[in-house]
*Asks:* 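Take a look at this one; I'll ask things after.
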Number of protein chains: 2
Amino acid sequence: MTGQVRTVDGRVAGKRGQATRQKLLDCLSEMLSSSPYRDVKVIDVARRAGTSPATFYQYFPDVEGAVLELAEEMAAESGALTELLEGRSWTGRAGWQTAQELVDGFLEFWRRNDAILRVVDLGAAEGDKRFYKLRMKILNSVNSSLAASVAELQSKGRLDKDVNPGAIAGALVAMLAAVASHQKGFSSWGVKQAELKPNLALLVHLGVTGRKPTK
Amino acid sequence: MTGQVRTVDGRVAGKRGQATRQKLLDCLSEMLSSSPYRDVKVIDVARRAGTSPATFYQYFPDVEGAVLELAEEMAAESGALTELLEGRSWTGRAGWQTAQELVDGFLEFWRRNDAILRVVDLGAAEGDKRFYKLRMKILNSVNSSLAASVAELQSKGRLDKDVNPGAIAGALVAMLAAVASHQKGFSSWGVKQAELKPNLALLVHLGVTGRKPTK
DNA sequence: CGGTAAGCTGACGGCATGACAGGACAAGTG
DNA sequence: CACTTGTCCTGTCATGCCGTCAGCTTACCG
């Protein structure tokens, strides 16, 4: 599937080249965590990697291109989120636990990758197809599982017919993502981290099942 | 309250100056709508406003500073969102209508100001205090009303004691904001705009009241 | 050891940034 | 009407990043 790694000018990258490339990506990732996206400059990334701007341009068309690469890496890992929902039940106490673990796992994933996810979110919101396809890919594992759960409950007549599983799932996932991005905002609103999670789980449970959880 | 408008070097701006300043802000706003935040350059804004970069720097320290100004303007208008909730009922059919109108009004507000809100969101997520205070200010009218409604229902014993009104309200508002930012994402997930709204309203209603709406 | 392709960088034109001084302009004054 | 005053705008400059190229160095292989 993955063809050979290539430089911008078409050469195939060897061992050394791939190492440099990876180092640049790592440094970019650090820069994204420590300074605003708008201020991340090619020259800073190159300097930090102990190389020159020209080298950066051998491997990436621009900063945006490199970010896409980083996001791609992360998207590959996002499959792990599926485990948060695979084969889980939404009934009774198990349902409450499912909701809690989903919230927990999701927030943790977001926290670990917040810098890149911020940029992906921005790109997606700005309408860049590459970014919102990537965002879809990342969220898809959770989203489609959730939608399936909703659809199943619906088919058993436990939810209204006019509920749209995709819309519900998408909205819940968007909620989780947004809350994860703005946790600081909550704390300055007087809501503590620890209080946040159960309330999110409650909303997720309500959204999926239409009922309060039994705890 | 609003002191006189001042230039960066401390002079008070007169009529002509304020007009130029406003024109720069308008052009900046247009640029933000049409190109990625990262690519918005002072020189482009100045050119579009028919003036020179030096003039821009007389009124704003940099692009970010001007964006803050725009966001401040918008925050002033965001008070109108309060009307979506002031004196509304959350019981029976009126409750369903309240939820629907909130969703409608909120999405409309976001759509109208999406370009600036994207940047505010990014700044807030990056931890810039100025931006997330601004974000709080914008969302506060809706958030505090929602929290109050939740708290009231809770005091009447219609909701569990361990629900945190602030957390619920914040999460719902974050959901609305996130969905508004990524509507395109939904449509490419096969969820139509028109289907989205009632499902959001359902989630809001469930979150606030803990019950399904009576339609 | 020589050939070949990968890997890296110095250097350059171009553009954005941010500062300043000086000129244009409007409004009031004698 | 000339003159003054304070606001407003811009030409220009030093600095620094962008993005590209030619050309040098390094590594691999027969």
Side-chain angles (χ1 to χ4, degrees), chain A residues 2-28 30-32 34-70 119 123, chain B residues 2-32 34-70 119 123 128:
Chain A
T2 56
Q4 282 171 312
V5 182
R6 288 190 171 272
T7 58
V8 169
D9 54 334
R11 289 200 314 275
V12 272
K15 212 161 130 189
R16 184 154 70 119
Q18 291 194 30
T20 312
R21 193 184 132 101
Q22 192 56 49
K23 188 163 195 177
L24 284 167
L25 284 177
D26 293 343
C27 294
L28 171 58
E30 290 170 30
M31 302 271 342
L32 285 175
S34 62
S35 51
Y37 179 46
R38 200 172 198 280
D39 299 340
V40 172
K41 307 289 179 192
V42 169
I43 199 170
D44 297 323
V45 178
R47 263 203 281 263
R48 181 182 279 245
T51 181
S52 73
T55 301
F56 182 96
Y57 287 108
Q58 274 210 327
Y59 295 104
F60 310 103
D62 50 24
V63 173
E64 204 189 10
V67 169
L68 275 167
E69 200 69 25
L70 274 176
V119 180
Chain B
T2 57
Q4 283 170 310
V5 182
R6 289 187 170 274
T7 57
V8 169
D9 54 334
R11 288 200 319 274
V12 271
K15 211 162 131 190
R16 184 154 69 117
Q18 291 194 30
T20 313
R21 193 184 131 101
Q22 191 56 50
K23 187 162 195 179
L24 283 167
L25 284 177
D26 293 344
C27 293
L28 170 59
S29 181
E30 291 170 30
M31 302 275 334
L32 284 175
S34 62
S35 51
Y37 179 47
R38 200 169 199 282
D39 299 340
V40 171
K41 306 291 179 192
V42 168
I43 197 168
D44 297 322
V45 177
R47 260 203 283 264
R48 181 183 279 244
T51 181
S52 72
T55 301
F56 182 96
Y57 288 108
Q58 271 206 331
Y59 294 104
F60 310 103
D62 49 24
V63 173
E64 203 190 10
V67 169
L68 274 167
E69 199 71 24
L70 275 176
V119 180
D128 186 312

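From a predicted model like this one, the values you see are computed outputs, not experimental measurements. Proteins get letters first, then strands, A, B, ... in listed order; numbering begins at 1 in each.
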*Asks:* Donor-acceptor check, side chain of A/S35 to backbone of A/M31, threshold 3.5 angstrom: yes or no?
*Replies:*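 The answer is yes, because a donor-acceptor pair under 3.5 Å joins these two groups.
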
*Asks:* What is the distance from CE of B/M31 to P of C/dA16, rounded to the nearest Å?
*Replies:*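 Atom CE in B/M31 sits about 11 Å away from atom P in C/dA16.
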
*Asks:* Looking at side-chain heavy atoms only, is the closest gap between A/R48 and A/V45 below 4.5 Å?
*Replies:*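 They are not in side-chain contact.
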
*Asks:* For the residue pair B/L70 and B/L32, establish whether any side-chain heavy-atom pair is separated by less than 4.5 Å.
*Replies:*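 Yes, side chains in contact.
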
*Asks:* If you measure from CZ on A/R21 to CZ on A/R6, what distance do you get to the nearest 0.5 Å?
*Replies:*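 It is 12.5 Å, given to the nearest 0.5 Å.
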
*Asks:* Find the distance A/L24:CG to C/dT9:C1' and express it as a whole number of Å.
*Replies:*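 Rounding to the nearest Å, CG of A/L24 and C1' of C/dT9 are 14 Å apart.
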
*Asks:* CZ of B/F56 versus P of C/dA19: gap in Å, rounded?
*Replies:*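 So the two atoms are 13 Å apart, to the nearest Å.
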
*Asks:* Could you list the donor-acceptor pairs under 3.5 angstrom formed by side chains in residues 56-65 of chain A, with sequence neighbours left out?
*Replies:*
from	atom 1	to	atom 2	distance (Å)
A/D62	OD1	A/E64	N	3.3
A/D62	OD1	A/G65	N	2.8
A/E64	OE1	A/R130	NH2	3.4
A/E64	OE2	A/R130	NH2	3.1

*Asks:* Between B/P53 and B/A46, which heavy-atom pair has the shortest distance, and what is it?
*Replies:*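 Looking at all heavy atoms of both residues, the closest pair is N-CB, 3.6 Å.
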
*Asks:* Taking A/K23 first and then A/D26, would you say they form a salt bridge - that is, a charged N and a carboxylate O separated by under 4.0 Å?
*Replies:*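 No, this pair does not count.
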
*Asks:* With heavy atoms under 4.0 Å as the rule, sort A/R47 into base, sugar-phosphate or nothing.
*Replies:*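 If one applies the 4.0 Å heavy-atom cut-off, A/R47 turns out to touch the sugar-phosphate alone, with no base involved.
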
*Asks:* Treating primed atoms plus P, OP1 and OP2 as sugar-phosphate and everything else as base, which nucleotides of nucleotides 3-8 of chain C get B, S or - for protein heavy atoms under 4.0 Å?
*Replies:* ---BBB

*Asks:* Measure CG/B/D39 against P/C/dT17 and give the value in whole Å, please.
*Replies:*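 B/D39 atom CG is separated from C/dT17 atom P by 11 Å.
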
*Asks:* Any side-chain heavy atom of A/V67 within less than 4.5 Å of one from A/V40?
*Replies:*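 Side chain of A/V67 against side chain of A/V40, heavy atoms only: no contact under 4.5 Å found.
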
*Asks:* Could you list all N or O pairs between the protein and nucleotides 18-21 of chain D that sit under 3.5 Å apart?
*Replies:*
from	atom 1	to	atom 2	distance (Å)
D/dC18	OP1	A/V42	N	3.2
D/dC18	OP2	A/V42	N	3.4
D/dC18	OP2	A/I43	N	3.1
D/dG19	OP2	A/Y57	OH	2.6

